[in-house]
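To start, the structure under review is shown below, and the notes come after it.
In what follows, every chain begins at residue 1, and chains take the letters A, B, ... in the order their sequences are listed.
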Protein chains: 2
Amino acid sequence: MRRDSRLSGVLHVLLHMAQQPGPFTSETLAKAMDTNPVVIRRIMAGLRDLGYVRSEKGHGGGWTLACDLSKVTLRDVYAALGSPPLLAMGNRTEAPGCLVEQAVNAALDQAFGDAEALLLSRFGEVTLAMLGADLRKRLGSRKLQGMSAHHA
Amino acid sequence: MRRDSRLSGVLHVLLHMAQQPGPFTSETLAKAMDTNPVVIRRIMAGLRDLGYVRSEKGHGGGWTLACDLSKVTLRDVYAALGSPPLLAMGNRTEAPGCLVEQAVNAALDQAFGDAEALLLSRFGEVTLAMLGADLRKRLGSRKLQGMSAHHA
DNA sequence: ACGTCATGTAACATATATAGTTACATGAGA
DNA sequence: TCTCATGTAACTATATATGTTACATGACGT
């Protein structure tokens with residue numbers, strides 16, 4: 001399987017939602033992401049359970065943001081997904097009897113642990129509000145590009 | 001499939017080989033690692049191509065170390081495996097047209113890049129000789145444990 | 001009440017990558 | 001020339017993310 005893209009996907013959804021008031025149906029969001037509504041519900045389930053978003057059934061239902069975007073970090077979102085594995089590599093055997101394997105594991109675990117810690121730390125530094133601000137900046141420069149195209 | 005354990009596996013092999021003079025057949029090594037000889041040949045192929053080990057066919061053949069263990073780092077070994085993916089996560093789409101996706105990718109790429117760079121850097125700091133020294137230390141304390149058990 | 005809409009979820013299908021296994025060709029040495 | 005060992009292709013097994021279908025649950029409007 002290709003690499004896990006759920007974090008990327010769910011952030012995409014949240015940022016789309018932050019651009020305009022909701023609610024958004026899974027189908028609408030799925031079309032924007034070129035995927036299936038069930039996939040949306042799947043990756044959003046954890047966020048709903050933690051109260052970052054709300055979902056309503058029936059007419060006028062769908063997904064709504066339910067958190068302060070400046071208080072939720074990528075690390076929170078990652079945790080809401082169930083904290084899936086970060087690294088593609090690991091030890092052959094955990095808690096091996098073989099001393100050779102223990103020596104190898106010790107060295108690798110050190111490096112793996114450092115990398116995971118750094119990644120989580122970086123995730124913790126970025127809020128959804130910061131992502132939104134970056135997006136608005138990108139939207140702004142695109143608008144300017146459009147205008148200069150008009151002028152040209 | 002569970003996480004890629006080839007680096008762990010090949011280091012295990014190399015450390016075993018460093019403990020006594022070779023050559024070692026794939027079958028011997030496979031038994032020590034509780035796996036299949038073909039798996040050994042597979043993960044050793046890249047190391048052979050780069051000259052870190054040598055392989056000989058026929059009677060008395062097998063695998064031999066062919067490098068200065070103090071000059072080869074985990075990073076070299078990782079590269080010899082073909083530099084497989086380090087991270088289990090990635091972006092949904094590379095080079096997306098959607099600005100939302102671009103904003104998400106930019107944030108994640110930053111974190112992913114940092115983590116990968118750190119991991120490679122850590123790999124580069126550890127030589128096979130250092131692993132061997134750590135192993136001998138572990139072998140030593142096990143021997144002492146055995147002796148104190150005799151005394152008790 | 002009833003029909004429609006939307007989520008919730010199970011079940012199944014698809015795709016991809018590692019690991020394990022079998023089979024056989026190649027080549028070295030006794 | 002027989003045996004041993006590597007080199008490699010091909011196939012199987014397994015795990016996981018993703019895509020899809022089907023249906024139950026519940027909310028809203030008529």
>> What is the separation between atom CD on Glu27(A) and atom P on dT7(C), rounded to the nearest whole Å?
In response: 9 Å
> Just how far, in rounded Å, is P of dG20(C) from CG of Asp4(B)?
Replying inline: 12 Å
> Over how many whole Å does the gap from Lys57(B) atom NZ to dG27(C) atom C1' extend?
Replying inline: 5 Å
> Between dG7(D) atom P and Ile43(B) atom CD1, what is the distance in whole Å?
Replying inline: 13 Å
>> One pair to check against side chain to side chain donor-acceptor pair (under 3.5 Å): Ser26(B) and Trp63(B). What are the steps and the verdict?
In response: CA-CA 7 Å; Ser26(B) 302; Trp63(B) 298 91; 2.9 Å; yes
> What integer distance in Å separates Asn36(B):CG from dG7(D):P?
Replying inline: 15 Å
> Under 3.5 Å, is there a donor-acceptor pair between the side chain of Glu101(A) and the main chain of His12(B)?
Replying inline: no
>> Taking the minimum atom-to-atom distance to the side chain of Val38(B), which one of dT18(D), dT8(D), dA5(D) wins?
In response: dT8(D)
> For the side chain of His59(A), counting heavy atoms from C-beta on, which of dC5(C), dT6(D), dG20(C) is nearest?
Replying inline: dC5(C)
> Under 4.0 Å: is that the gap between some side-chain N or O of Arg6(A) and OP1 or OP2 of dT18(D)?
Replying inline: yes
> Closer than 4.0 Å, any side-chain N/O of Ser26(B) to the OP1 or OP2 of dA5(D)?
Replying inline: no
> Expressed in angstrom and rounded to an integer, what is the separation of Ile40(B) atom CD1 from dA19(C) atom P?
Replying inline: 11 Å
>> Which is more 5' along DNA chain D, the nucleotide nearest Gly62(B) or the one nearest Arg92(B)? Just name the residue.
In response: Gly62(B)
> So, is Ser55(A) close to the dA6(C) phosphate, meaning a side-chain N or O under 4.0 Å from OP1 or OP2?
Replying inline: no
> Counting only heavy atoms not in Glu125(A), do more than 12 sit closer than 6.0 Å to its CD atom?
Replying inline: yes
>> Here's a test of your reading of the structure: between Thr25(A) and Arg41(B), which maps to the more 5' nucleotide of DNA chain C?
In response: Thr25(A)
> What's the CG-P distance between Leu29(B) and dA5(D), to the nearest Å?
Replying inline: 12 Å
>> Is the phosphate of dG8(C) approached by Arg48(A) (side-chain N or O, under 4.0 Å from OP1 or OP2)?
In response: yes
>> Return whichever of Thr35(A) or Gly58(A) has its heavy-atom-nearest nucleotide of DNA chain D closer to the 5' end.
In response: Thr35(A)
>> According to a hydrophobic-cluster definition based on side-chain heavy atoms being under 4.5 Å apart (Ile, Leu, Val, Met, Phe, Trp, Tyr only), do Leu11(A) and Leu120(A) belong together?
In response: yes
> Once you round it to whole Å, what is the distance between P of dA9(D) and CZ of Arg42(B)?
Replying inline: 11 Å
> Can any side-chain N or O of Ser5(A) pair as donor or acceptor with the backbone N or O of Ser8(A) at less than 3.5 Å?
Replying inline: no
